[in-house]
Structure formats: structure tokens, C-alpha cells
*Asks:* 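Attaching a single structure in C-alpha cells format; questions to follow.
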Amino acid sequence: MNIEQEISLQIDRAITELYGENPTTAKLEKTNKDFTGNYTFVVFPLLRISKKKPEETAAEIGEKLIQIGHPVVAYNVVKGFLNLSVSDTLWQNLLHKNWNNPGYGIQHNTANRVMVEYSSPNTNKPLHLGHIRNNLLGYSIAEIMKAGGYEVIKANLINDRGIHICKSMLAWQLFGNGETPESSGTKGDHLVGKYYVAFDKAYKAEIDEMVAGGMDKEEAEKSAPLLLQTQEMLRQWEAGDPDVIELWKTMNGWVYKGFNHTYNRLGVDFDKFYYESNTYTLGKDIVSEGLEKGVFYRKDDGSVWIDLTAEGLDHKLVLRKDGTSVYITQDIGTADEKFREFGTEKSIYVVGNEQDYHFKVLFLIMQKLGRKYASGMYHLSYGMVDLPSGKMKSREGTVVDADDLLDEMHDTAKAKTLELGKTEGMADAELDTLYEKLGLAALKFFILKVDPKKRMLFNPEESIDFQGDTGPFVLYTYARIQSMLKQAGNDWQTPSGESPTLLPAERDALECLYAFPEAVSMACRDYNPAVIAHYSLDLAKSFNRLYNELSFLKETDPAKRAARLQIAAFTANTLHNACRLLGIETVDRM
RNA sequence: GACCCCAUAGCUCAGCUGGAUAGAGCAACUGCCUUCUAAGCAGUAGGUCGUUGGUUCGAGUCCAACUGGGGUCGCCA
């Protein structure tokens, strides 16, 4: 039981004793900075049963708590607000128990399994900033679920087939002259992306030409030779034409090599890969099952639908009239497949908010089909990353390329570090690692600190900050503590005698540390890494205030020195754990 | 047209699910490095929480309508 729960229980009992009844269970809030106290209980709702003024009601309850004596040691009343101060012993115990607990805030693994599906790229173009947001969110939420006690399976469903893949294949055949990543020194995914763009350009040229020849634009878009050739290629692929399959394997291989490089650099990984080329026929059996159960219905032309008008949605196609799958058919099939293989009780899909409708429908369908795991399905929907000029479009080349951005972050970190000149004596390789970590921290924090569901603006003209509420700020606080602890010897680790009285700044820091497990469970409950990002800022700030106000190494009283250094170590460890949940690596020097 | 999401300081964002005088960072301005890392700390200034109603002891938070921005309603994925 934590402090809040204990006090709430005491309040509940006090209310019943005082007024003979108690309509609700007490909810505590954290006391505002401007008032003294740790927790606040609002008594306004009780006035009906207390039949007394707010101040009197609050005071009566406060007195009861003081009589009990633990953990509340003092109270004050402002209007209807009962502010409670808890005993320092609580904070001292927290410090004593956890200052060197590496697993602080991290729950033990249970048997509950959750799958986090994220990244899920197309294999026809390199990754851009939008994918970065997806990857960082997915990785972070997976780490957060782990910290919440789940066993996590990270999955990547790769969209490796379809008409868009054939476009880059065809363009490469037509214009590529046998170019390979090796022959041109181009990263594989970028090379394929180049031909995807080339296709679009040539296709548009064809359309323009046809329109100039007098054809209707819509007609031209449908009958342009390039498009027909692509469709033919897709048919050949589906028929297993050896040449087409060979080309497809080769070009996808290039892309995977490129993706792996970027994934490694971003520090994201996966336990399970699904390939759409394997899954795109899944789900048909379930459509039959749904037809039998009466969940779906068949139209005269043979296509299969579900009626979701009762749920305020529309009719949705689940199988084409020619019997082939659509997107949602595959997702229906894959959902079952995932559950069959892993028995996951939760399944999180990290996918952009333009697919909100799709997932609403998918989850409804699984429910109607009677899948018990359906209630554990969650769409972690996130907003687009826009540029000042508007949306990023791969086909038109108006994207912030992931690899370019990572390079830029590295360079900025380097420039900033050299400017500050605090890294004498570090080897070149070590420095390079530092720049990379700092750049990544800045980028990851920049993206993860904003609420996933909000769309965000990225201005390539302005570099991502390294000062203020940023990743480097958090790392800086960590590094500062490491530097201090290195100089501190080790007598502080085993102090003798009683714990010294806490000073306000120390108490603040400990209160902040106390809040970490709560932040983890909130992030877990809301599927929101931003909670952890903001927590880590709060913690870093509380420590920096303490650092500025009091001495650590220079403190002459051994007991005080020890307690303070333990707070420092506790803070560093907690910052480290918080960073880990965000996929950010800490550094000992910067 | 229908439905979904968003709107808080000049900019980027918090606001713990209805509580006290709405908080940070950036940018601007003041201070603080012969002492533990100044990527820091302290301070000044900056607000009709998109608008209008409603619900109640109490609304940035809940409800309704409206305005503005984005998205979705494909036998694309």
C-alpha cells in the first residue's frame, strides 16, 4: 500500500466516525506548490453530511488524522482544502530502501503478454521523420509495458508486396541500367526509393502527354502504359513468375539492408517479423466463419460485407467479389495468427491517426466474431509530423529523410560539445559515440515529449534544441551526478548513525523520486511515453535546484553528506531508468 | 454531406481525468562560474485557456452549438 492509499483509508474512516456515513472514497491530490503540505483533501463534497462550514469540517478530519499519528504529522486548512504533511520518516525510508536499487520503478515480469506492432514500413522507399515518430513511440511503449510488468513481443509487419512495390521494380527495370547499392554506393532503401520517385515522374509525364493528346485526365490515369505494366507485373508476381520474384527478392533485400542500418542507429529492434507477402491471403477462413455466424453478409455480386450502421459506422467490405483479400481481411487474419502464436492478452498497434477508422472497424469485427482477445486490442494512434510547407510526401520528395536527420543530429551534437570544450582527454571513438548518443537523445526526447495523438510540426530550418526541456538536459543532469560520485569516495554508501533532518530541497527531490513508479503506471495505462519524458524533466529540475542550493562533496557533516550523495545516486539511477523507457542512453561525461 | 481528432504565453509543449492565484522550455531582459560539469540555477516580462451558452459549491478540464486546423468515409495499403 502506498502513502496515498493509506491516508485515503484513514480519511474514509474518520469521515464515517465523524458523520456516521461516508458516501464516497476519499481522493487525494498533491498539494499545490504555494501551500504547505504533501497531500490535499478537498472537503466541499462533504458539507452536506457534515452540516458544518468547510473550515470546521476540514479541521475535524485533520485532527482525527493527527490522533492516528502516522503517516500524517501536521495539517493546515485553507477554505475547504485540508493540506496534510507526512512524516519525513517516509522519505528517509524511501531513500534508504531504494537509493541503490537498480530496478526502482520497474515491475517484475508477469505471465501477461502484450504485442506491440510498430514500424511496419513499405519496402519501396527509405524511412522518413514520420516513420521515426512511429519507431520511437513503438519502441518506447514496448519498454514501458515491460516496466509495467508485461512480457512484450515487438512485432514488425512489413508491407513488402503490392502495386506500389512493383512501381519501383518496374522503374528500376526500365531506367536502372543494372544499378545496385554496391555499384553506385547508395544505401539500398534510398536506391529503391529513387526508382519509386522515378516511376511517379515518368507516370505523370505519360499522363500529361495523353491529356495533351486530348484524353480525359481520369481516363489517362487509368490507362497510362506504365500503370498497366505495373499491374501486369503484380499479376506475374502473384503467379510466381521466377524473374519477377527474383527481382522482388533482390530489391527487397537491398531495402532490408538499408532499414536494418537505420533501425540499428535508432536503437529499435523486433522479436517477430510478419511479411505481408505471407499474410495477405490470411483471413479468408475467418470471413467464411463470419458468414456462418451471420456476422458478415454476402452481396449478389459475391463480395462480402459487414453492417456496422448500428455502431454508427458504415458498411465495410471484407472480401472482394473475386474472392481476394482487402487490407482489413489481412488484419483480421493476422490478429488471429498473432494470438495463436503468442497468446497475447493485449495487442497494441502503433499506426498513424489516418487509420483511426480502420482500427475502429477491425476491433469491432473481432469483437463480433467473439474473439476474447478483442478487448485487449488498442490502436496507439499518433499524429502526423508536418513541415512548415505542409505534409511530407515521399513520391514528391518533400520528406525529411531519417538517415539525413540522424546525421544532422550527430553533427549538431558535435558542434555543441566542441563549443563547450568539456571533453579533453576523451578518445576519438569515445567522442563519436558521445555525439551519436547526444544527437539521438535530443531527437528522441523532442518527439516523445509531445502527446502522441497531437500532430507535430518540424521545421528543418531550426535545429532541435539542446538546452531547456530537452534530452541533453536530462543527460547532463545524469552526467553531472556521475562526475560527482566519481569524486566522492565510498564512505557515503554506508553511513552510520541516524538519518539527518531533511532540508526542503532534499524533501522536494525525494518526493519527486517517489513519484516515478506512479509515472510508469500512468504511462502504461495511457500508452503514453510523454508522461515519462515530462517526469524525467521534473526529476532533473528538482535535482539541479538541490545541486545549486546545497553542497554535496563539500558538506562537512558526514551523515548529511551521505544522505545527499545517496539522493544524487538515487536520482541518477531513476533518470537512467526513465531514459531507458524512452530508448535514450545515458552518458557519464558530456 | 457524415463521422473522428486537435485548439492553452510570440513559438514548442505540460496541466495527474472537476479543485486553490493556469505551469515549463525557447526567444527577450536581470543577476549567479578563483568552490562538486553554467548543456545549469535564480529572477523580470509575457494569458479573456478558439467563441457562446449550459451543468454545480467550483470548469482549461464535463455537455451543446459554432469558428478555425487536420484526418477518414477506395473492391489502395
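Chain letters run A, B, ... following the sequence lines, proteins first and then strands; every chain starts at 1.
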*Asks:* With rounding to the closest Å, how many angstrom separate the P atoms on rC62(B) and rG15(B)?
*Replies:*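 It comes out at 12 Å once rounded to the nearest Å.
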*Asks:* With under 30° as parallel and over 60° as perpendicular, where do the rings of His410(A) and Tyr435(A) fit, or are they tilted in between?
*Replies:*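 Aromatic pair His410(A)/Tyr435(A) classed perpendicular.
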*Asks:* Please list all pairs passing the salt bridge (charged side-chain N to carboxylate O under 4.0 Å, His left out) test where one or both residues lie in residues 301-313 of chain A, with sequence neighbours left out.
*Replies:*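 Passing the test, one end in residues 301-313 of chain A: Glu311(A)-Lys368(A).
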*Asks:* Want to settle it: does Thr477(A) or Glu29(A) sit nearer the 5' end of RNA chain B, counting the closest nucleotide to each?
*Replies:*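 Counting from the 5' end, the first nearest nucleotide belongs to Glu29(A).
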*Asks:* Rounded to the nearest Å, what distance is computed from the CZ atom of residue Phe552(A) to the P atom of nucleotide rG40(B)?
*Replies:*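 Value for this atom pair: 17 Å.
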*Asks:* According to a 3.5 Å limit on both distances, what stems of 3 or more consecutive Watson-Crick or G-U pairs are formed with RNA chain B?
*Replies:*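 Paired runs of 3+ in RNA chain B: B:1-7 with B:67-73, B:10-13 with B:23-26, B:28-32 with B:40-44, B:50-54 with B:62-66.
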*Asks:* Quick one: which of Thr36(A), Asn76(A), Thr40(A), Asn38(A) gives a side chain to side chain donor-acceptor pair (under 3.5 Å) with Thr31(A)?
*Replies:*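 Between Thr31(A) and the candidates, side chain to side chain donor-acceptor pair (under 3.5 Å) is satisfied uniquely by Thr40(A).
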*Asks:* Between Trp237(A) and Trp248(A), what is the ring plane arrangement, given parallel below 30°, perpendicular above 60°, and tilted in between?
*Replies:*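 Trp237(A) vs Trp248(A) ring planes: perpendicular.
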*Asks:* Where does the angle between the aromatic ring planes of Tyr275(A) and Phe273(A) fall among parallel (under 30°), tilted (30 to 60°) and perpendicular (over 60°)?
*Replies:*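 Parallel.
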*Asks:* We want to know whether Gln487(A) and Ser483(A) form a side-chain donor-acceptor pair, criterion being a heavy-atom distance below 3.5 angstrom.
*Replies:*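 Yes, because at least one side-chain N or O of Gln487(A) sits under 3.5 Å from a partner of the opposite role on Ser483(A).
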*Asks:* Which of residues 555-569 of chain A sit near RNA chain B, with a heavy atom under 4.0 Å from it?
*Replies:*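 Per residue number, the list is empty: none.
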*Asks:* In this structure, how many angstroms lie between the P atom of rA38(B) and the CE atom of Met590(A), rounded?
*Replies:*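 In whole Å, rA38(B) P and Met590(A) CE are 12 Å from each other.
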*Asks:* Students often mix this up, so state it plainly: with edges at 30° and 60°, are the rings of Tyr349(A) and Phe363(A) parallel, tilted or perpendicular?
*Replies:*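 Aromatic pair Tyr349(A)/Phe363(A) classed tilted.
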*Asks:* For Asn548(A) and rG40(B), give me the distance from atom CG to atom P, rounded to whole Å.
*Replies:*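 Computing the Asn548(A):CG to rG40(B):P distance gives 11 Å.
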*Asks:* Please report the C-alpha distance between Ser381(A) and Asp356(A) in whole Å, then the side-chain angles of each, then the deciding distance to 0.1 Å, and finally whether the side-chain hydrogen bond (donor to acceptor under 3.5 Å, both in side chains) criterion is met.
*Replies:* CA-CA 7 Å; Ser381(A) 163; Asp356(A) 284 356; 2.8 Å; yes
*Asks:* In whole angstroms, how far is the P atom of rA27(B) from the CD atom of Glu461(A)?
*Replies:*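 Going from CD in Glu461(A) over to P in rA27(B) covers 18 Å.
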*Asks:* Can a donor-acceptor pair be found between the side chains of Arg455(A) and Asn353(A) at a distance below 3.5 Å?
*Replies:*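 The answer is no; no qualifying pair exists.
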*Asks:* Whole angstrom is fine here: how far is it from CD in Glu55(A) over to P in rC57(B)?
*Replies:*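 It is 17 Å, rounded to the nearest whole Å.
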*Asks:* Check every atom of rC16(B), rA42(B), rA38(B) against the side chain of Arg545(A) and return the nucleotide holding the closest atom.
*Replies:*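 Looking only at side-chain atoms, Arg545(A) lies closest to rA42(B).
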*Asks:* Hey, can you pull the residues of residues 435-453 of chain A with a non-hydrogen atom under 4.0 angstrom from RNA chain B?
*Replies:*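 Within this stretch, Leu438(A), Val450(A), Asp451(A), Lys453(A) sit under 4.0 Å of the strand.
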*Asks:* Name the residue closer to the 5' end of RNA chain B, choosing between Asn83(A) and Leu28(A) according to the nucleotide with the nearest heavy atom.
*Replies:*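 Mapping each residue to its closest nucleotide by heavy atoms, the 5'-most match is Leu28(A).
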*Asks:* Just call it for Asp160(A): base, sugar-phosphate, or nothing, with non-hydrogen atoms closer than 4.0 Å on any strand.
*Replies:*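 Contact class for Asp160(A): none.
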*Asks:* How far apart are the closest heavy atoms of Arg133(A) and Met384(A), and which atoms are they?
*Replies:*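 Answer, listing the atom of Arg133(A) first, then Met384(A): NH1-O, 3.9 Å.
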*Asks:* Between the base of rG19(B) and the ring of Phe81(A) - centre-to-centre under 5.5 Å, planes within under 30° - is that a stack?
*Replies:*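 No, the aromatic ring of Phe81(A) does not stack with the base.
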*Asks:* What is the separation between atom OH on Tyr476(A) and atom P on rC41(B), rounded to the nearest whole Å?
*Replies:*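 Atom-to-atom, Tyr476(A) to rC41(B), this comes out as 8 Å.
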*Asks:* What string of B, S and - do you get for nucleotides 70-77 of chain B 5' to 3' if you count protein non-hydrogen atoms under 4.0 Å?
*Replies:* -SSS-BSB
*Asks:* What orientation do Phe458(A) and Phe446(A) show, parallel under 30°, tilted 30 to 60°, or perpendicular over 60°?
*Replies:*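 Rings of Phe458(A) and Phe446(A): perpendicular, over 60°.
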*Asks:* rG40(B), rU37(B), rA24(B): which one has an atom nearest the side-chain heavy atoms of Gln487(A)?
*Replies:*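 When the side chain of Gln487(A) is considered, rU37(B) is the closest of rG40(B), rU37(B), rA24(B).
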*Asks:* Which ones in residues 34-51 of chain A lie close to RNA chain B, meaning a heavy atom under 4.0 Å from one of its atoms?
*Replies:*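 Correct list: Phe35(A), Thr40(A), Val42(A), Phe44(A), Pro45(A), Arg48(A).
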*Asks:* Rounded to whole Å, please give me the gap between NZ in Lys52(A) and P in rC57(B).
*Replies:*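 Rounded to the whole Å, the gap is 21 Å.
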